[in-house]
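Counting starts at 1 for both ligands and their atoms, in listed order.
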Amino acid sequence: MPKSLTEDAVKQYHEQGYYFPLKVLDDSRNAECRANLEAFEAAQGAPISGATRSKSHLLFKWVDDLMRHDTILDAVEDLIGPDILCWNSLFWVKEAQSPMYVSWHQDLRYWGLDTNDLITVWIALSPATLESGCMSVLPGSHLGELMPHQDEYRDDNLLTRGQEISVEVDESKTVAMPLQSGEASLHNGRLAHASAPNRSNDRRIGLSFHYMPTQTRQIIGDWDSAALVRGEDKHGYFTHTPRPEKDFDPAVTAFHEKATNAVRDVLFHDAAKIRQTI
Ligand SMILES: O=C(O)CCC(=O)C(=O)O
């Protein structure tokens, strides 16, 4: 008996590779999260970017708290079982009227993680609509072989290498996943997905978490870290990340640098060039 998702939702996720919408945050908690991000951005005088976008749960206490939200973890447990690591947290911001997009890609082609069961939970902190460039997925694409990709390094592409699936993606078979603020989508790390530029007058702000079973191994990098967010880790393949007691907790911020450097080495492993992260 699933804890939070319906039997139909579990079936749909396993067969199609995605599920949405999952309501995670009420309006006031969502507004608080967005305000936390934007207060940080106002203080630094620029939108969140670079390494700060990644493993952000090590920098911001509120992101660490959100990563452990019961509504999310109950849904993830329904899909991959009770022992859960979170490998990464990542901000996806497209400014109002911005050309930034995400090309068609499959995450597990690049992450060095040997699981087929990685789940990305992508939370909309502002509306993710067709106009603002919500994500689209290619249903069922998580079940086949990973598709060939090539690195294009286009300036407007939010992905590290501008990686793109190098075979035709039949757009007539794709599904858009619009979300209201506070809702999340879930997709399998092998599922092909993409998103278009933001043509709206608001920022499109997404925050994703990457959950995986504790038996997952990192097979590209020699060292990697993940947060144990539920259950027990009987395998110990990842160093468990510390929890910040406040934003930019000094000891945890030092760990963030080590942890994001390790992820960066994995993401650019075998790449022709290293791009400054956006
Ligand atoms: O934010 C987007 O539009 C794309 C996000 C994405 O590629 C992902 O969460 O894996």
Ion pair check, Lys11 and Glu7, cut-off under 4.0 Å: no

Close-contact set for ligand 1 against Asp107 heavy atoms, below 4.0 Å: 10 (O)

Salt-bridge present (Asp78, Lys3; N to O < 4.0 Å): no

Close N or O approach (His210, ligand 1; < 3.5 Å): no

Heavy-atom nearest neighbour in the protein, as seen from atom 8 (C) of ligand 1, with distance rounded to 0.1 Å: His193 NE2, 3.5 Å

Protein contact to atom 1 (O) of ligand 1 [nearest heavy atom, distance to 0.1 Å]: Arg204 NH2, 2.8 Å

Donor-acceptor pair, side chain of Glu41 and main chain of Ala46, under 3.5 angstrom: no

Subset of ligand 1 atoms that lie under 4.0 Å from at least one heavy atom of Val102: 2 (C), 3 (O), 4 (C), 7 (O)

Within 45° cone and under 6.0 Å: Arg217 NZ/CZ vs Tyr237 ring: yes

Salt-bridge contact Lys94-Asp156 (side-chain N to carboxylate O under 4.0 Å): no

Protein heavy-atom partner closest to atom 9 (O) of ligand 1 - residue, atom, separation in Å: Trp122 CD1, 3.4 Å

Atom indices of ligand 1 within 4.0 angstrom of Thr120 heavy atoms, with elements: 9 (O)

Lys/Arg cation over aromatic Trp62: Arg29, 6.0 Å, 45° cone: no

Residue His105 vicinity, atoms of ligand 1 by number, heavy atom under 4.0 Å: 7 (O)

Ser195 N/O to ligand 1 N/O under 3.5 Å: yes

Electrostatic pair Glu38-Arg203, nearest N-O below 4.0 angstrom: yes

